Amino acid sequence: IVSGVLLDAPNVDFGRTVDYAASQRDLPVVPLPVPATVSATAKFVTSLRIGINWKLLDYISDADETIRQPVLIHHGTEDLTVPLDMSLDLEATNPDLIQLITVEGAGHIESYDVDRQGYVDSVVAFLAELG
């Protein structure tokens with residue numbers, strides 16, 4: 001039986017993460033950001049080649065129906081791998097069950113490294129609430 005879930009910078013929408021990663025890079029040779037159309041085309045080709053259904057890898061869209069136990073999320077404000085806005089969107093689906101702690105200055109899965117005591121305290125409090 002699952003009583004609660006702890007997540008650290010969760011990748012809860014793989015398609016958006018791919019788009020975000022592309023937006024962090026420049027085109028080869030030309031110092032311009034990768035356009036969104038390139039990311040969309042790459043995802044389309046990937047779905048054709050290996051059968052990825054990007055909508056099935058979006059866990060935010062149905063979170064209001066699927067999340068039934070408390071969730072604690074830590075996510076750094078400087079995460080360049082998984083966008084913070086996905087955790088914000090996930091929390092917004094059910095703020096009564098989902099608690100998001102943003103850690104200022106933390107990169108991807110660095111929340112514990114940036115604020116060890118705050119991280120431990122929040123996890124201990126979360127577990128205590130679960131009983």
Side-chain angles (χ1 to χ4, degrees):
I1 296 177
V2 174
S3 299
V5 178
L6 298 169
L7 301 171
D8 197 330
N11 185 1
V12 290
D13 184 340
F14 284 67
R16 280 173 62 182
T17 300
V18 168
D19 294 340
Y20 184 68
S23 76
Q24 303 298 311
R25 290 168 176 67
D26 286 340
L27 291 167
V29 182
V30 184
L32 295 172
V34 173
T37 54
V38 171
S39 178
T41 302
K43 290 190 311 190
F44 176 72
V45 170
T46 302
S47 66
L48 290 176
R49 287 198 57 174
I50 60 176
I52 290 180
N53 183 336
W54 296 99
K55 290 184 182 201
L56 291 177
L57 298 174
D58 170 6
Y59 302 107
I60 298 170
S61 62
D62 63 353
D64 58 334
E65 299 169 12
T66 58
I67 294 179
R68 294 187 174 92
Q69 301 299 333
V71 177
L72 175 63
I73 303 170
H74 290 90
H75 206 130
T77 61
E78 301 301 318
D79 193 331
L80 298 178
T81 304
V82 174
L84 173 60
D85 67 336
M86 287 195 317
S87 288
L88 292 165
D89 290 347
L90 183 61
E91 178 188 38
T93 65
N94 194 337
D96 292 334
L97 282 179
I98 302 170
Q99 177 188 3
L100 171 63
I101 297 174
T102 56
V103 180
E104 198 64 41
H108 186 61
I109 62 169
E110 293 179 345
S111 295
Y112 174 78
D113 297 330
V114 169
D115 182 12
R116 290 177 188 220
Q117 194 59 55
Y119 193 100
V120 169
D121 289 348
S122 64
V123 169
V124 168
F126 177 73
L127 294 174
E129 287 177 22
L130 297 177

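Values in this document were obtained by computation on a predicted structure and should not be read as measured data.
Here the closest heavy-atom approach between residue Ser47 and residue Trp54 is recorded as CB-NE1, 4.0 Å. Considering every non-hydrogen atom in both Asp115 and Val103, the closest pair reads CB-CG1, 4.3 Å. Of all non-hydrogen atoms in Pro10 and Val82, the two that sit nearest each other are O-CG1, 3.2 Å. Leu130 approaches Ser3 most closely through the heavy-atom pair CD2-O, 3.3 Å. When every heavy atom of Ser87 is checked against every heavy atom of Ile73, the shortest pair comes out as OG-CG2, 3.7 Å. Across Tyr112 and Val120, no two heavy atoms sit closer than the pair CE1-CG2, 3.9 Å.
Proximity of Tyr20 to Thr81: side-chain heavy atoms (C-beta onward) are nowhere separated by under 4.5 Å.
Tracing side-chain contacts under 4.5 Å through hydrophobic residues (I, L, V, M, F, W, Y), one never reaches Val34 starting from Val45; they form parts of separate clusters. Note on Ile67 and Leu88: same hydrophobic cluster, where clusters join Ile, Leu, Val, Met, Phe, Trp and Tyr whose side-chain heavy atoms are under 4.5 Å apart, directly or indirectly. Hydrophobic clustering (ILVMFWY, side-chain heavy atoms < 4.5 Å, transitive): Leu100 and Leu7 are in one cluster. No path of Ile, Leu, Val, Met, Phe, Trp and Tyr side chains, each step under 4.5 Å between heavy atoms, connects Val123 with Ile98, placing them in separate hydrophobic clusters. Linking Ile, Leu, Val, Met, Phe, Trp and Tyr residues whenever their side-chain heavy atoms come within less than 4.5 Å places Leu84 and Val71 in a single cluster.
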Q) What do the steps show when you test Leu48 against Phe44 for side-chain contact (heavy atoms from CB on, under 4.5 Å), and what is the final call? A) CA-CA 6 Å; Leu48 290 176; Phe44 176 72; 3.4 Å; yes

(Q) Using the rule given for side-chain contact (heavy atoms from CB on, under 4.5 Å), can you reason through Ile101 versus Ser111, listing the C-alpha separation, both sets of side-chain angles and the distance that settles it, and then say yes or no? (A) CA-CA 9 Å; Ile101 297 174; Ser111 295; over 6 Å; no

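Put simply, the side chain of Asp62 never gets that close to the backbone of Glu65: no donor and acceptor are under 3.5 Å apart. For Ser39 (side chain) and Ala36 (main-chain N/O), no donor-acceptor pair under 3.5 Å exists by modelled atom type. A donor-acceptor contact shorter than 3.5 Å links the side chain of Thr77 to the backbone of Gly105.
Separation of atoms CE (Met86) and CD1 (Ile60) is listed at 5.5 Å; rounding is to 0.5 Å. With values rounded to the nearest 0.5 angstrom, Gln24 atom CD is found 11.5 Å from Asp19 atom CG. Here CD of Glu78 is found 10.0 Å from CD of Glu110. Values are rounded to the nearest 0.5 Å. How far OG of Ser61 is from CG of Asp89: 11.0 Å, rounded to the nearest 0.5 Å. Remark: Glu91 CD to Asp96 CG distance equals 10.5 Å, nearest 0.5 Å. Expressed to the nearest 0.5 Å, how far CG of Asp13 lies from CG of Leu57 amounts to 8.5 Å.
Of the options Asp8, Asp79, Asn11, a side-chain hydrogen bond (donor to acceptor under 3.5 Å, both in side chains) to His108 is made by Asp79 and by none of the others.
Ring planes of His74 and Tyr119: parallel class, angle under 30° (limits at 30 and 60°).
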